[in-house]
Amino acid sequence: MRDPEGAAVLGASARVRHLRRAAGADHFLHGQLARELVADGMLVPFEWCDGSTLSAPRWPFVSQPSEWCDAQLFDAAELTLRLEQRLVAAGFDLKDGSAWNVIYDGTRPIFCDLLSFETLRDREWWAAGQFVRHFIAPLLLSRKRGLPCRDSFRCWRDGVSAETSRRLLGPSRFMTRYWPLFAQAPAASAAPTSTAAGPTDPAAVVRFRERLLASLGWMLAGVRPRVRRVDGGW
């Protein structure tokens, strides 16, 4: 099952999402923030057909990360981070940090996965690893090794893994700000330990996430594609 939340059907002019469970009144897409994101051009327009069916316009042309230039991938990454920042501030979260959840309306990136939203619960952003694989790692390899981002997605549809990044960057990665992203995970302990989980302070979760997103933003800023001048210089 590709998406546990629902299934999509393409019509002649609309993309219809059928939810596997009817959405309650507190569903993110019923809220004010969802409407604001649509109005701001960050989220595809949508409407509820009934309690378990959503409809969104079908784009006449959809490009994919395996076709984008580096600047397009960078803009899609910035959109994803800005979207997550607004969600966290309102108590929501993105389940995915995937480049495939962004499409282009002309030259403007727009988030298209309507079922990627959930209530903010944990300090950890479980999609952060995917965000690194799909955005930061391909952009870094393009800058350091000359591998265009679109070619990264042609080789690895789910982005560039930490292992692949370590292999392609080599020891030079330790001279950059990015080496912690590709550090090798420690071996799992043979005897797992258990800790008592206490209640989570929502304010502390938001503060932690804000710092995490600021760090990812700093990492992303370092791989902004260089602009090539008309005369061939940089």
Side-chain angles (χ1 to χ4, degrees), residues 37 40-44 59 61-88 94 96-113 116 125 127-184 209-234:
L37 294 174
D40 293 343
M42 298 177 70
L43 181 64
V44 294
W59 252 242
F61 175 80
V62 175
S63 61
Q64 299 179 340
S66 56
E67 301 168 317
W68 294 347
C69 66
D70 290 4
Q72 286 178 294
L73 186 69
F74 182 86
D75 289 346
E78 282 198 320
L79 168 71
T80 304
L81 271 188
R82 287 189 290 112
L83 182 59
E84 173 70 359
Q85 287 168 338
R86 290 185 64 172
L87 290 170
V88 167
L94 273 180
D96 306 293
S98 170
W100 300 92
N101 285 345
V102 179
I103 59 176
Y104 269 85
D105 181 10
T107 60
R108 178 171 57 91
I110 186 168
F111 196 84
C112 67
D113 188 354
S116 190
W125 185 29
Q130 188 179 45
F131 182 87
V132 171
R133 294 196 308 274
H134 281 225
F135 296 110
I136 295 178
L139 287 163
L140 181 62
L141 287 177
S142 179
R143 175 174 285 233
K144 296 294 186 182
R145 293 293 181 262
L147 178 67
C149 292
R150 59 179 173 270
D151 289 344
S152 288
F153 283 96
R154 290 169 183 170
C155 294
W156 308 286
R157 191 185 189 282
D158 194 32
V160 185
S161 69
E163 179 182 0
T164 299
S165 297
R166 288 195 298 270
R167 177 167 52 83
L168 294 180
L169 292 170
S172 66
R173 69 186 183 275
F174 293 111
M175 304 299 292
T176 73
R177 69 183 73 176
Y178 302 98
W179 71 266
L181 300 179
F182 311 126
Q184 194 160 4
R209 284 297 191 90
E210 287 173 343
R211 293 192 294 269
L212 172 63
L213 295 174
S215 178
L216 289 173
W218 176 67
M219 297 277 189
L220 182 64
V223 290
R224 179 186 293 273
R226 297 184 178 95
V227 178
R228 189 177 181 89
R229 297 203 308 263
V230 175
D231 60 7
W234 293 93

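The figures that follow rest on heavy atoms only: side chains count, while hydrogens, waters and symmetry mates do not. No experiment lies behind these values; they were computed from the predicted model shown.
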* Asked: With a 4.5 Å heavy-atom cut-off, do Glu84 and Arg209 have their side chains touching?
  -> yes
* Straight-line distance of Leu87 CG to Met42 CE, nearest 0.5 Å -> 8.0 Å
* Asked: Is there a side-chain contact between Val223 and Tyr178, using heavy atoms and a 4.5 Å cut-off?
  -> yes
* Asked: Once you round to the nearest 0.5 Å, how far does CG of Leu140 lie from CZ of Phe135?
  -> 15.0 Å
* Can you spot which of Arg108, Arg82, Arg86 makes a salt bridge (Lys or Arg N to Asp or Glu O under 4.0 Å) with Asp40? => Arg86
* To do: Could you tell me whether the side chain of Arg133 reaches within less than 4.5 Å of the side chain of Trp156, counting heavy atoms only?
  => no
* To do: For the pair Arg154 (side chain) and Ser66 (backbone), establish whether a donor and an acceptor sit closer than 3.5 Å, ignoring hydrogens and angles.
  => yes
* Pro138 to Phe153 - nearest heavy-atom pair and separation -> CG-CE1, 4.3 Å
* Structure fact -> Taking every heavy atom of Cys149 against every heavy atom of Ser142, the minimum-distance pair comes out as SG-CB, 4.1 Å
* What is the minimum heavy-atom distance between Phe111 and Leu79, and which atoms define it? -> N-CD2, 3.6 Å
* To do: Nearest 0.5 Å please: distance from the CG atom of Asp113 over to the CG atom of Leu43.
  => 9.5 Å
* **Expected output: side-chain Arg177 to main-chain Met219 donor-acceptor under 3.5 Å** => no
* **Donor-acceptor pair, side chain of His134 and main chain of Ala99, under 3.5 angstrom** => yes
* Asked: How long is the span from the CG atom in Leu141 to the OG1 atom in Thr164, to the nearest 0.5 Å?
  -> 9.0 Å
* Asked: Shortest non-hydrogen contact from Cys112 to Ile103?
  -> SG-CG2, 3.9 Å
* Mind checking the CD-CG spacing from Gln130 to Asn101? Nearest 0.5 Å is all I need. => 7.5 Å
* Side-chain touch Phe74/Ile136, heavy atoms, less than 4.5 angstrom -> no
* Structure fact -> When every non-hydrogen atom of Glu67 is compared with those of Val62, the smallest separation belongs to OE1-O, 4.4 Å
* Any donor-acceptor N/O pair, Trp100 side chain to Asp158 backbone, under 3.5 Å -> no
* Does some side-chain heavy atom of Ser63 sit less than 4.5 Å from a side-chain heavy atom of Phe61? -> yes
* Exam field: side chain Ser215 to backbone Arg211, donor-acceptor pair closer than 3.5 Å -> no
* To do: Please examine the side chains of Leu81 and Leu220, heavy atoms only from C-beta on, and report whether any two atoms are closer than 4.5 Å.
  => yes
* Report yes or no: does Thr80 contribute a side-chain atom to a donor-acceptor pair with the main-chain N or O of Ala76 at less than 3.5 Å? => yes
* Ion pair present between Arg150 and Asp70, side-chain N to carboxylate O less than 4.0 angstrom? -> no
* Would you indicate whether the side-chain heavy atoms of Trp68 and Tyr104 approach each other to under 4.5 Å? => yes
* Verify the neighbour count for atom CD of Glu163: are there more than 12 heavy atoms of other residues, nucleotides or ligands below 6.0 Å? => no
* Asked: Distance from Arg145 atom CZ to Leu169 atom CG, nearest 0.5 Å?
  -> 5.5 Å
* Could you list the residues that satisfy salt bridge (charged side-chain N to carboxylate O under 4.0 Å, His left out) with Glu78, not counting sequence neighbours? => Arg224
* Asked: Should the pair Arg166 and Trp179 be classed as cation-pi, given the thresholds of under 6.0 Å to the six-membered ring centre and 45° from the axis?
  -> no
* Could you please spell out the steps behind the side chain to side chain contact (heavy atoms under 4.5 Å, CB included) verdict for Lys144 and Arg173? => CA-CA 9 Å; Lys144 296 294 186 182; Arg173 69 186 183 275; over 6 Å; no
* **Close side-chain approach of Trp125 to Leu94, heavy-atom, < 4.5 Å** => yes
